[in-house]
Asker: 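Below: one structure in structure tokens.
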Amino acid sequence: MPHAQSNRDVADTLRRLADLLEIRGEAVFKIAAYRRAAESIITVAEPISAVHARGELEQVPGVGKAIAQKVADLLNTGTFKLLDEVQAEIPPGVAALLRVPDVGPKRARLLYEQLGVQSIEDLQAALDSERLAATKGIGVTGARRIAEGLASLRPADSRLPLGRAVPLAAALCEQVRQLGAAQVEIAGSVRRFADLVGDVNLVASSDDPKTLLDAFCSLPSVASVESRDDGACRVLLHDGAPVALVAGTQGELGSLLQYHTGSKQHNARLRAIARSRGIELTPRGFIDGNTTHRCSTEDEVYAYLGLQPIPPEMREDTGEIELAMEGKLPPPFLAAHLRGDLHMHTTWSDGTRTVREMALAALERGYEYICISDHSQSLGVANGLSAERLLQQRQEIDAVNAELRPFRVLQGAEMEVRGDGALDLPDEVLRSLDLVTASVHSGLRRGRESVTARALSALNHPLVDVLAHPSGRLVGGRPGGDFDMDALYAAAAQMGTALEINGDLARLDLRDTHARAAVAAGCTLTIGSDAHSTEGLVNTAYGVRLATRAWAQREHVLNTRPLDALLGALKRNR
DNA sequence: GCCGTTTTCGGCCCGACTGTTTTCAGTCG
């Protein structure tokens, strides 16, 4: 009997099926249909099993008769006929090969059929034995690139990318709350907003911690209990994610939260400071002689040591403790400081909402302005806009502006930086836009010189205002281009071209260290959601947390400024 | 396989980059 299937479980199964069908060589549109259905099921707000119970699966967008039947079978029996069939034909490990950069469906099949490769481990063995380089269709260069791809994959494997950990932690908090906890907080590296997290840490208060832990260990999503005592437990979920829950009383919650948020280095420094004053900092409070001082809030912990409260994102012992000692921490940078969002997509390119829908959702968030930055023409897969379609879009934007004044929708575009460094629309078109963003999407794996030259050419362009997701990395996935980042900061600072902190959890780019270096080099930043739906607008809040981690302050970020100041800072208006 | 203000068929996800190759196939966004 399979355990209850969440929307994510069902979507994952459909994605896996799509991968297998692709390796099998099925028609591309059929495969795309399964992927589309999977993405759609993820966004359904209620459990898909409830939709199934009402017999309404076919009303989910992208789900027709055939997929509805398969999902119904999956929910009822844990599998369906086509899935069994292709799984019998292609071992599951072969689909995993698709995760390796430079291995697509054709090569996965080739590797399996000609070399018997059935897993990532087999692939490594084939590389080591040089059988890959000798295979027709791969060759020496292909084998080298696959080896590099494999290496880039490895370190991320054991840790959860933040994009997975954040929603998981939020869902777990809700579950712990329902188990009767008085208060539940996310702790650990998720709270510090580290890119990749070893495990998801939660801290809860309860009148009866022991019973709470019992109930938590018995949750249906828990596959195994790794360790357990009266105050804490560590479990593995069915998808392999490790989760630790610490439970205590309300009065010690601040101490627990501080201790379990870390980082290790940050806490070690705090312990040393405490010891120098003859007290001891422990997970459940300060021990001063015979008395234990438990803190119900984190601020109390810091105040007890004579420190300003330090935002969790900054707790890495990179200078924040010294500042807090001197009372010189910068004022907190909050999502509420953002006046608008400069990076989002609509139905004109690959977004799922109209200009008006995005504007209304932005108004609801309290923004004063947004910039629509749909893709430009050469990103064909995203239905990028030509000069002509940009003109048509301008009319729609004008109409929304007339309706929603004084709220302002700016027209921008996310321009492709081509292989030769040029943008893919002429300058007179760029001049007609309110704000121009440039992105390097292709050729990221060419050498340092090539990618750096292209980024510099965008930064130095007299009409480009923002370089979006500058490194091109994907958290826990692709490492991004080998840019000479210092050269990028220098050009950005000199030209007054802003560098984006892209708040999409899959990107988080600039990353923390890059953003901190950029600010130090005198660059201006923007924080963009890169939203493809109204739900995606929340990404700017993640961007602000990343900015905090990078020690960036609100004055470093262009879109904390009122509209007039923003417009005045753009190249075309200077 | 899904979808429909062109509704039961025929479109939908195109173009750049790379080198496995020397004229095209595979991968990627």
Side-chain angles (χ1 to χ4, degrees), chain A residues 14-15 17-19 21-41 57-71 80 82-83 86 97-111 114-115 132-149 152 345 347 349-350 374-386 389 414-425 439-447 450-451 454 468-469 472-474 477-481 502 504 506-507 509 530 532:
Chain A
L14 291 178
R15 287 190 193 123
L17 176 68
D19 286 347
L21 291 175
E22 199 171 18
I23 293 167
R24 202 195 213 188
E26 296 272 351
V28 287
F29 291 115
K30 187 192 283 192
I31 293 157
Y34 283 112
R35 297 221 166 100
R36 212 164 38 235
E39 296 320 306
S40 179
I41 285 170
L57 282 175
E58 283 187 55
Q59 288 175 29
V60 176
V63 177
K65 205 169 173 185
I67 294 183
Q69 185 56 55
K70 291 179 175 75
V71 171
F80 51 86
L82 180 63
L83 183 65
V86 290
L97 299 177
L98 298 179
R99 299 210 325 272
V100 180
D102 273 314
V103 178
K106 298 293 186 328
R107 280 179 163 180
R109 183 172 178 164
L110 178 84
L111 290 166
Q114 292 201 11
L115 301 175
L132 229 54
T135 301
K136 184 171 160 46
I138 294 179
V140 176
T141 315
R144 178 175 52 75
R145 290 181 59 157
I146 289 174
E148 285 166 7
S152 77
H345 300 271
T347 46
S349 65
D350 59 349
D374 275 312
H375 293 286
S376 58
Q377 58 187 11
S378 62
L379 202 63
V381 65
N383 193 23
L385 274 68
S386 62
R389 289 183 66 222
E414 184 177 4
M415 304 293 307
E416 287 300 294
V417 180
R418 298 189 313 197
D420 60 2
L423 303 182
D424 68 339
L425 285 172
S439 291
V440 180
H441 282 123
S442 61
L444 274 174
R445 286 182 300 161
R446 278 193 279 161
S450 161
V451 291
R454 290 165 69 206
H469 47 70
R473 67 111 173 220
L474 294 177
R478 249 176 305 283
N502 188 298
D504 183 334
R507 289 192 180 273
D509 180 14
D530 206 350
H532 287 71

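A, B, ... follow the sequence lines: proteins, then strands. Residue 1 opens every chain. What you are looking at is a predicted structure, and each value in this text was computed from that prediction instead of being measured.
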Asker: Could you tell me whether the side chain of A/Arg454 and the main chain of A/Val417 form a donor-acceptor pair under 3.5 Å?
Answerer: yes
Asker: Between A/Gln377 (side chain) and A/Leu425 (backbone), is there a donor-acceptor pair under 3.5 Å?
Answerer: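 Answer holds: no.
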Asker: I'd like to know if A/Glu148 and A/Arg144 make a salt bridge, using a cut-off of under 4.0 Å between side-chain N and carboxylate O.
Answerer: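 Yes.
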Asker: Using a cut-off of 4.0 Å between protein heavy atoms and nucleotide atoms, how would you tag nucleotides 2-8 of chain B 5' to 3' with B, S and -?
Answerer: SS-----
Asker: Going by centres under 5.5 angstrom and planes under 30 degrees, do the aromatic ring of A/Phe29 and the base ring of B/dC12 stack?
Answerer: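 A/Phe29 vs B/dC12: stacking yes.
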Asker: With rounding to the closest Å, how many angstrom separate the P atoms on B/dC12 and B/dG19?
Answerer: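 Here B/dC12 and B/dG19 have their P atoms 32 Å from each other.
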Asker: Specify the separation, in whole Å, of atom CG of A/Leu379 and atom C1' of B/dA16.
Answerer: 10 Å
Asker: Quote, to the nearest angstrom, the C1' distance that separates B/dT8 from B/dC13.
Answerer: 23 Å
Asker: Rounding to an integer number of angstrom, what distance separates B/dT5 and B/dG1 when you compare their C1' atoms?
Answerer: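 Roughly 23 Å separates the two C1' atoms.
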Asker: Measure from CG on A/Leu444 to P on B/dC17 and round the result to the nearest Å.
Answerer: 11 Å
Asker: Taking atom P of B/dG11 as reference, at what distance in whole Å does atom CG of A/Asn383 sit?
Answerer: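 In whole Å, B/dG11 P and A/Asn383 CG are 17 Å from each other.
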Asker: Can you tell me how far C1' in B/dG29 sits from the matching atom in B/dT23, rounded to whole Å?
Answerer: 24 Å
Asker: Give the rounded distance in Å between these two atoms: CE of A/Met415 and P of B/dG15.
Answerer: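 Taking CE of A/Met415 and P of B/dG15, I get 16 Å after rounding.
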Asker: Would you confirm whether A/Arg473, through its side chain, and A/Arg507, through its main-chain N or O, come within 3.5 Å as a donor-acceptor pair?
Answerer: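 Judged by distance alone, yes, a pair lies under 3.5 Å.
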Asker: How many Å lie between NZ on A/Lys30 and P on B/dC13, as a whole number?
Answerer: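 Answer to the nearest Å: 19 Å.
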Asker: Pick from A/Thr135, A/Val100, A/Leu97: which one makes a side-chain contact (heavy atoms from CB on, under 4.5 Å) with A/Leu111?
Answerer: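 For A/Leu111, the side-chain contact (heavy atoms from CB on, under 4.5 Å) check succeeds only for A/Leu97.
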Asker: Write down the distance separating the C1' atoms in B/dT20 and B/dC28, rounded off to the nearest Å.
Answerer: 16 Å
Asker: In chain order, what residues pass the side chain to side chain contact (heavy atoms under 4.5 Å, CB included) check against A/Arg109, with sequence neighbours excluded?
Answerer: A/Ile23, A/Glu113
Asker: Across all strands, who's sitting opposite B/dC12 as a Watson-Crick or G-U wobble pair, both distances under 3.5 Å?
Answerer: B/dG1
Asker: Nearest whole angstrom, please: distance from the P of B/dC28 to the CZ of A/Arg99.
Answerer: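 It works out to 13 Å between those atoms.
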Asker: Could you give the distance separating B/dC9 and B/dC14 at their P atoms, to the nearest angstrom?
Answerer: 23 Å
Asker: Could you pull out the protein-nucleic contacts involving nucleotides 19-27 of chain B (nitrogen or oxygen on both sides, under 3.5 Å)?
Answerer:
| residue | atom | partner | partner atom | Å |
| --- | --- | --- | --- | --- |
| B/dG19 | OP1 | A/Arg145 | NH1 | 3.4 |
| B/dT20 | OP1 | A/Thr141 | OG1 | 3.4 |
| B/dT20 | OP1 | A/Gly142 | N | 3.3 |
| B/dT20 | OP2 | A/Thr141 | OG1 | 2.7 |
| B/dT20 | O4' | A/Gly137 | O | 3.3 |
| B/dT20 | O4' | A/Ile138 | O | 2.9 |
| B/dT27 | OP1 | A/Gly104 | N | 2.7 |
| B/dT27 | OP1 | A/Gly104 | O | 3.4 |
| B/dT27 | OP1 | A/Arg107 | N | 3.1 |
| B/dT27 | OP2 | A/Lys106 | N | 3.2 |

Asker: Taking atom P in both B/dA25 and B/dT21, what distance in whole Å separates the two?
Answerer: 12 Å
Asker: I need the CG-P distance between A/Leu82 and B/dG1, as an integer number of Å.
Answerer: 8 Å
Asker: Could you check whether any side-chain N or O of A/Asp504 sits under 3.5 Å from a backbone N or O of A/Asp530, counting only pairs where one atom can act as donor and the other as acceptor?
Answerer: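 Checking the backbone N and O of A/Asp530 against the side chain of A/Asp504, no donor-acceptor pair under 3.5 Å is found.
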Asker: What distance, rounded to whole Å, do you find between the two P atoms, one in B/dA16 and one in B/dG10?
Answerer: 29 Å
Asker: Nearest 0.5 angstrom please: A/His532 NE2 to A/Thr347 OG1, how far?
Answerer: 12.0 Å
Asker: Return whichever of A/Tyr34 or A/Arg507 has its heavy-atom-nearest nucleotide of DNA chain B closer to the 5' end.
Answerer: A/Tyr34
Asker: So, do A/His345 and A/Glu414 sit near enough that their side-chain heavy atoms are less than 4.5 Å apart?
Answerer: yes
Asker: Do A/Asp102 and A/Arg445 meet the salt-bridge criterion of a basic N to acidic O distance under 4.0 Å?
Answerer: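 A salt bridge links A/Arg445 with A/Asp102.
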Asker: Figure out the CZ/C1' separation between A/Arg473 and B/dC28, and round it to whole Å.
Answerer: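 Atom-to-atom, A/Arg473 to B/dC28, this comes out as 19 Å.
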